[in-house]
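Taking it in order: structure first as structure tokens, then the write-up.
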Amino acid sequence: MAETKREIERKYESDESGLPDLTGVAGVASVVDKGIAHLDATYHDTADERLAASSVTLRRRTGGSDAGWHLKFPIAPGVRDEIRAPLTDTLPEELAALVRSRVRDSELLPVVRLRSDRDVRHLLDADGRLLAEVSVDTVHAERLTGRGGEAQWTEIEVELADGGDPALLDKVDKRLRKAGVKPSTSSSKLARALEETAPGKRRKATREREPVTAGDHVLAYARTQRDAIVALDPAVRRDTEDSVHSMRVATRRLRSTFKSFGTILDRAVTEPIAGELKWLAGELGRDRDREVLAERLTSAADEVPPDLMRGPVVERLRSWSSAEHGGARGSLLGVLDSHRYLTLLDTLDALIADPPLLKAAGKAPRKPVAKAVRKDFRKVSKLVERAAQLEPGTDRDLALHDARKKAKRTRYAAEAAEPVLGKPAKTMVKSMKALQNLLGEHQDSVMARHTLRELSAVAHAAGESAFTYGLMHQREEQRAVRVEAELPGFWDGIKDGAAGL
């Protein structure tokens with residue numbers, strides 16, 4: 001079974017002078033020599049080094065106190081999540097799944113072997129508690145692919161103890177710098193090994209050129225969403241907080257980009273891809289929609305006075321929520337391992353690499369980008385005004401839901417336009433987000449009432465009172481009425497603010 005550890009560390013260059021005395025660091029009462037560990041790690045990647053390109057590392061390591069398979073994902077500079085699995089001859093399936101969005105059907109190969117002699121010291125406080133581990137690593141790197149170069153270096157690594165105060169790293173950093181120790185220019189041992197053992201000249205990171213044309217700007221936004229989908233895949237598999245929602249948003253943003261900028265990217269090519277993105281968003285939404293609805297209904301139940309709570313309402317809500325979550329979770333993991341999903345990722349890569357650009361894509365960005373945003377806004381305007389003319393009921397509910405979806409699309413188009421249009425686009429983003437939230441409150445009320453009617457019927461069939469469900473239903477209906485009453489004035493304010501676009 002894999003376990004996850006948050007790794008917070010800093011790396012430094014080292015020379016023959018070794019490690020400076022750290023007993024003078026504030027809060028460090030003693031430095032304990034823990035001896036030398038001999039580590040032997042083989043790093044795995046695809047032939048084109050897709051994991052390394054994303055700063056993801058996968059290794060099988062022997063020696064030390066944590067021998068096994070280690071998969072590391074970057075969180076922030078100097079911060080990574082390390083997922084550990086027991087030592088086996090082959091890569092555990094649990095870790096293989098976490099790199100699938102990047103690896104897909106490519107083979108994982110041994111690319112670099114690192115053998116390190118690690119001279120370890122523990123920094124302890126006055127009570128003997130571990131504050132940080134400091135090591136001087138003498139590293140020998142051997143490339144296992146191509147013409148197989150080798151390299152050797154020594155570095156200092158300072159890793160914060162679990163639950164430690166990150167401020168300690170600043171104090172240690174100050175002491176090391178004062179002693180002339182410089183921070184490492186490489187983010188990891190693997191990054192340095194790949195650079196120093198590359199055949200011929202050292203590889204240089206390629207910088208993407210600044211967006212110039214309308215096509216450049218739209219593709220830059222699309223590329224960001226593609227990257228987000230791929231990067232969020234492991235977090236969704238691990239069920240980390242907000243990961244499903246974030247991945248769904250990236251999927252929707254990308255789909256909206258194809259639809260909004262149809263004069264820049266050929267819809268004949270992007271439309272089928274947009275259809276697959278809609279499918280993926282729907283699969284991601286099963287669990288997310290349930291989660292949002294469960295939170296809403298639970299909060300509503302908490303607001304019911306005790307003397308009006310009839311029957312096991314809270315228990316039935318909890319049972320409904322957990323049952324829905326379990327089914328949706330299993331289904332989503334199946335989707336992420338499916339051929340259809342992995343093919344979609346390949347298709348997105350191909351589109352970004354060779355985009356179906358139309359004539360407008362080569363123009364200066366301001367006019368075609370602004371035109372696309374205005375077109376989306378006009379569609380929202382028609383839907384809102386149509387909904388206002390309808391009588392309260394199902395037809396109005398559907399019209400307001402359509403307006404909400406178009407508001408999202410306009411918001412995402414304005415996001416893509418911000419680097420080009422500046423403040424007017426930023427204002428549009430804020431306006432559409434506010435409208436989306438207002439109409440979202442209405443749609444959540446519609447869905448909550450639907451679920452309450454279902455739960456009420458189940459409770460009645462079980463011989464329980466349906467009174468509380470009816471009370472909660474009435475309150476949800478009143479919330480929707482308030483939104484509908486607020487919408488006309490709210491919309492007038494948005495129209496006035498959109499005049500500058």
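Note that the structure is predicted; figures quoted are calculated from it, not measured.
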Salt bridge between D137 and K189, side-chain N to carboxylate O under 4.0 Å?
yes
Among K405, R411, K408, which residue satisfies the side-chain hydrogen bond (donor to acceptor under 3.5 Å, both in side chains) criterion with Q436?
R411
Side chain to side chain contact (heavy atoms under 4.5 Å, CB included) between Y412 and R252: does it pass, once the steps are laid out?
CA-CA 9 Å; Y412 298 150; R252 284 176 161 173; 4.1 Å; yes
Restricting to ring-ring contact (aromatic ring centres under 6.0 Å, His included), what partner residues turn up for W153, sequence neighbours left out?
none
Are side-chain heavy atoms of V134 and L123 found at a separation under 4.5 Å?
yes
Can you list every pair that meets salt bridge (charged side-chain N to carboxylate O under 4.0 Å, His left out) and has a residue in residues 67-79, with sequence neighbours left out?
E7-K72, K72-E82
Any idea which heavy atoms bring I83 and F73 closest together, and the distance?
CD1-CE1, 3.8 Å
One pair to check against salt bridge (Lys or Arg N to Asp or Glu O under 4.0 Å): K5 and D81. What are the steps and the verdict?
CA-CA 6 Å; K5 180 181 184 300; D81 272 351; over 6 Å; no
With a 4.5 Å limit on heavy-atom distance, are the side chains of Y43 and L194 in contact?
no
Contacts table for residues 30-37: side-chain donor-acceptor under 3.5 angstrom, sequence neighbours left out:
residue: D33; atom: OD1; partner: G35; partner atom: N; Å: 2.8

Is the closest side-chain heavy-atom distance between M247 and V244 below 4.5 Å?
no
Do L91 and L58 have side chains that get closer than 4.5 Å, going by heavy atoms?
yes
Could you tell me whether the side chains of S260 and D376 share a donor-acceptor contact shorter than 3.5 Å?
yes
Tell me every residue that passes salt bridge (Lys or Arg N to Asp or Glu O under 4.0 Å) with R192, counting only those two or more places apart in sequence or in another chain.
E13, E196
With a 4.5 Å limit on heavy-atom distance, are the side chains of L168 and V28 in contact?
yes
Does the pair D444 and R404 meet the rule for a salt bridge (Lys or Arg N to Asp or Glu O under 4.0 Å), with working shown?
CA-CA 12 Å; D444 288 347; R404 176 174 177 253; 5.3 Å; no
Taking the side chain as every heavy atom from C-beta outward, state whether T197 and E142 have any pair of such atoms under 4.5 Å apart.
no
R238 vs S243, test: side-chain hydrogen bond (donor to acceptor under 3.5 Å, both in side chains). Steps then yes/no.
CA-CA 9 Å; R238 293 163 57 201; S243 59; over 6 Å; no
Tell me if a side-chain donor or acceptor on T224 pairs with a main-chain N or O of A220 at a distance below 3.5 Å.
yes
Could you walk me through whether L98 and D233 pass side chain to side chain contact (heavy atoms under 4.5 Å, CB included), step by step?
CA-CA 7 Å; L98 294 178; D233 177 292; over 6 Å; no
Decide whether T42 and R59 meet the rule of one side-chain donor and one side-chain acceptor closer than 3.5 Å.
no
Note: E94-R237 ion pair, threshold 4.0 Å (strictly below)
no
Tell me, with the steps shown, if D216 and T213 meet side-chain hydrogen bond (donor to acceptor under 3.5 Å, both in side chains).
CA-CA 5 Å; D216 290 337; T213 66; 3.2 Å; yes
Crowded around E315 CD? As in, over 12 foreign heavy atoms under 6.0 Å?
yes
With the threshold set at 4.0 Å, does a side-chain nitrogen-carboxylate oxygen contact exist between E157 and R10?
no
Heavy-atom closest pair, residues P74 and R80
CA-CG, 4.0 Å
Just by distance, no angles: are the side chains of Y12 and D173 close enough, under 3.5 Å, to form a donor-acceptor pair?
yes
Any side-chain heavy-atom pair of H339 and L342 under 4.5 Å:
no
Should the pair D337-R100 be classified as a salt bridge under the 4.0 Å nitrogen-to-oxygen rule?
yes
Can you check side chain to side chain contact (heavy atoms under 4.5 Å, CB included) on D89 and R60, steps first, answer last?
CA-CA 9 Å; D89 291 337; R60 181 184 184 275; 3.8 Å; yes
Pair R143 + E150: basic N to acidic O under 4.0 Å
no
Basic-acidic side-chain contact under 4.0 Å: K259, E271
yes
A cation-pi test, strictly: NZ or CZ of R61 under 6.0 Å from the centre of the six-membered ring of W69 and no more than 45 degrees from its axis. Yes or no?
no
Can you tell me if S319 uses its side chain to pair, donor with acceptor, with the backbone of R316 under 3.5 Å?
no
NZ/K278: more than 12 non-hydrogen atoms of other groups inside 6.0 Å:
no
D242 and H245: side chain to side chain contact (heavy atoms under 4.5 Å, CB included), yes or no, with the steps?
CA-CA 5 Å; D242 207 40; H245 173 62; 3.5 Å; yes
Could you measure the distance from the CG atom of D266 to the CG atom of L351? Nearest 0.5 Å is fine.
10.0 Å
Could you tell me whether E159 and K11 have a side-chain N and a carboxylate O separated by less than 4.0 Å?
no
State which residues pass salt bridge (Lys or Arg N to Asp or Glu O under 4.0 Å) with E133; sequence neighbours excluded, sorted by chain then number.
none
I want to check something: taking the side chain as every heavy atom from C-beta on, are D45 and T145 in contact at a cut-off of under 4.5 Å?
no
Partners meeting salt bridge (Lys or Arg N to Asp or Glu O under 4.0 Å) with D346 (sequence neighbours left out)
R104
Is a donor from one side chain sitting under 3.5 angstrom from an acceptor on the other, for H70 and R84?
no
Taking 4.0 angstrom as the limit, do D119 and R121 come out as a salt bridge?
yes
State the CG-CG distance between D125 and L131, to the nearest 0.5 angstrom.
5.0 Å
More than 12 heavy atoms of other residues, nucleotides or ligands under 6.0 Å from CG of D354: yes or no?
no
